[in-house]
Amino acid sequence: YQEEITTLKSQTTTLQTQVSELQVLSTELEMSINTVESERDFYFEKLRGIEVMLQVYKEKEESGEVVLPVDGSGNDGEMKMVI
């Protein structure tokens with residue numbers, strides 16, 4: 001029985017080490033997921049802001065309130081909004 005006990009103890013130690021390594025890996029992956037989700041949310045908000053800005057521009061353009069410089073005024077095609 002002693003040999004069996006020694007083998008089981010060795011296997012237990014090996015499995016405990018694997019569990020510890022997997023816990024560390026799991027924690028690292030959770031941190032990576034949180035980072036990626038945070039970045040996704042950041043860029044989604046930026047994109048949403050651009051969508052809103054374009055919608056406002058479109059509404060202003062439709063109502064004739066948007067002025068585009070075409071006189072070579074040095075604005076490099078920069079759009080100006082008249083409010």
Residues forming a side-chain contact (heavy atoms from CB on, under 4.5 Å) with E37, sequence neighbours excluded: I33, N34, R40
Should we count CD of E3 as having more than 12 external heavy atoms under 6.0 Å? no
Between E30 and S26, is any pair of side-chain heavy atoms under 4.5 Å apart? yes
How long is the gap from CD on E61 to NZ on K58, to the nearest 0.5 Å? 9.0 Å
Are the charged groups of E51 and R48 less than 4.0 angstrom apart, N to O? yes
Which residues end up grouped with I50 if you chain together Ile, Leu, Val, Met, Phe, Trp and Tyr wherever their side-chain heavy atoms are less than 4.5 Å apart? L54
Without placing hydrogens or testing angles, list every side-chain donor-acceptor pair under 3.5 Å for residues 13-20, not counting sequence neighbours.
{"unit_1": "T13", "atom_1": "OG1", "unit_2": "K9", "atom_2": "O", "d": "2.9"}
{"unit_1": "T14", "atom_1": "OG1", "unit_2": "S10", "atom_2": "O", "d": "3.0"}
{"unit_1": "T17", "atom_1": "OG1", "unit_2": "T13", "atom_2": "O", "d": "3.0"}
{"unit_1": "S20", "atom_1": "OG", "unit_2": "Q16", "atom_2": "O", "d": "3.2"}

